[in-house]
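Some notes on the structure that comes next.
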Amino acid sequence: MSHHITEAKDLFYEYPDGHQAVNGISFRIHHGESVGVIGGNGAGKSTLLMLLMGILVPSQGEVVIGEVKLNKDTLSMIRQRLGMVFQNPDDQLFMTTVFDDVAFGPRSLKLDEAQVEQRVNSALEQVGIKHLKDRAPFKLSAGEKRAAAIATVLSMTPDILILDEPTSSLDPRSRRRLMNILKGFEHTKIITSHDLDMVLELCQRVMVIKDGLIISDGQTKDILTNKKLMEEAGLELPLSLQNCPACGKTK
Amino acid sequence: MPNIVNAIYNIRQFDELARQDSLIHRLHPLAKLLATLGYTVVLVSYDKYATIALLPFLFFPVFMAAAGRIPAGPLLKRLLYIEPMIICVGLLNPLFDRGTTSILGQTMSSGWLIFISIVIKGSLAVTSALLLMATTGMDGIALSLRKLKVPKIFVLQLMLTYRYISVLLEEAARAIQAYSLRAFNPKSLKREVWGPMLGQILLRTVDRAQRVYDAMCLRGFIGEYHTGKNPSPGFADYLFVAGWGTFIAASRAVNLPLWLGNILAGAVK
């Protein structure tokens, strides 16, 4: 595959109830880029991710991954290259043990058990939860579940990681730990989030979405410091860039 | 509300039990499935008045529970959930069958005898099925069904239904929790909210099930559920099936309690 370029060309999507969630989105993400997709609630971020993964089919436009157009015939091949971590890890963890959950993808690829085990161990090691491999997913903490959900995707050895609100419902320590894990990945990353401080720290590039359209696309520091743009998109400046709430000291 | 939370816990408790390590857990799933199927078929093949002759059939569940280290509590609790249904099935017999029959020299209502027979058969069959679940797990049962050439679509339906029960229960628990926090009498659901509540639970469950299915598809699921476990049967498995097969067949061929009773009576004389 020619080098993990992710391209959306004039994407449109309308839900069956008539809600036009994506209104002509185009972008090109290069290999190794870490891109934040931000916007208010209902802006179309999650829909965009589902279009990229082929869960939803655009009513117009196309998704191209490494020069291969996403369609019914290429879906399976493309999904091996893209790994998506869902907003709610409970949707992603459906087996009885963490090991079986992480092994689900490699087993679906019909790898032999030795390879499956090697991939599972490697994925669990990368997210630091190898000791939890025999635990039942529902018994894990929110942070551990998130790590396990990421491991389920890593075991497929994707080139591109897509994460939907990865830090939501995490306590500060788990959030920091997850951010450190994500920082260590060399994959192309597409991250949607309302956690703008995390986006500021992890992403070099940000796309701001409003009403299903990209209203701004550029360097993270330029965009996240633009108060007017943030407010237009229904957002605020990242907390780390706001004035100190205790002493009022300006930044 | 606690009932639903308990139900979620109970379902998951069986998954936990199935992950234990014991003599029975180590057996090939197919061996356990065949023994349980054989046991159940022979059990229900008995005549409708059979009661004493069924006693040897207690050994199989007792052995499975003891050797599989399955605690009696959760097992009996689940059996109690099913018991009203078994009783309902048998309850019409004493009402409609007013005849009498003789058992161990005593005259007894044949309707009640049939009722007792149905309760014994039903309870033993359900217990053995629960023990199969608790010692094998749904993945193992699915593997055995595929080995028995059951079409994959049926096995998949079984697996996904089992998986989605907990999804349904979780959504129901959330909806009922939300209701009980705002209701004046949280002990029961008002009749007028039954419809909207059921509709909400159904819609949420469908949504959630769709997301789980999407997650499976994104990880390469195309209709075949791979568990990665595909052991070959060994000597212990053959021995298990042959041993219990022989015992069950012998119990069916000879009324063991009667035979033992006659021997003991002869010895006393």
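Since the model is a prediction, treat every value here as computed from it, not as a measurement. A note on names: the letters A, B, ... follow the listed sequences, proteins ahead of strands, and every chain is numbered from 1. Only this structure's heavy atoms are used, side chains among them; waters, hydrogens and symmetry mates stay out.
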Side chain of [X], backbone of [Y]: donor and acceptor closer than 3.5 Å?
X: B:R146; Y: B:V150; answer: yes
X: A:H187; Y: A:K189; answer: no
X: B:R69; Y: B:I24; answer: no

**Study point:** Winner by heavy-atom pair count (cut-off under 4.5 Å) against chain B, out of A:D90, A:L111, A:D134, A:D112
**Key:**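 If we count pairs closer than 4.5 Å to chain B, A:D90 comes out on top.
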Exercise for review: May I ask you to name which of A:L82, A:T97, A:L109 has the most heavy-atom pairs under 4.5 Å with chain B?
Suggested key: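 The answer is A:T97.
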Measure [X] against the heavy atoms of chain B and call it side chain, backbone, both or neither at under 4.5 Å.
X: A:E113; answer: side chain
X: A:F86; answer: side chain
X: A:A136; answer: both
X: A:I55; answer: side chain
X: A:M53; answer: both
X: A:T96; answer: both
X: A:S155; answer: neither

Check your understanding: Shortest non-hydrogen contact from A:A151 to A:V127?
Key ->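 Shortest heavy-atom separation between A:A151 and A:V127 comes out as CB-CG2, 3.8 Å.
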Between [X] and [Y], is any side-chain donor less than 3.5 angstrom from a side-chain acceptor?
X: A:S168; Y: A:Q87; result: no
X: A:S46; Y: A:D164; result: yes
X: A:D101; Y: A:T152; result: no

Practice item. Using side-chain contact (heavy atoms from CB on, under 4.5 Å) as the criterion, list what pairs up with B:L156, not counting sequence neighbours. Key: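 Partners of B:L156 under the side-chain contact (heavy atoms from CB on, under 4.5 Å) test: B:L160, B:F221, B:Y225.
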Check your understanding: Are B:E16 and A:K139 ion-paired here, with the side-chain N under 4.0 Å from a carboxylate O?
Key ->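 Salt bridge flag = yes for A:K139 with B:E16.
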Check your understanding: Using a heavy-atom distance cut-off of less than 4.5 Å, which residues of residues 208-219 of chain B contact chain A?
Key ->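 If one takes a 4.5 Å heavy-atom cut-off, the residues of residues 208-219 of chain B near chain A are B:R208, B:R211, B:V212, B:D214, B:A215, B:M216, B:C217, B:L218, B:R219.
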Exercise for review: Could you go through the side-chain hydrogen bond (donor to acceptor under 3.5 Å, both in side chains) check for B:R78 and B:Q13 one step at a time?
Suggested key: CA-CA 11 Å; B:R78 278 162 195 77; B:Q13 194 187 17; 3.0 Å; yes
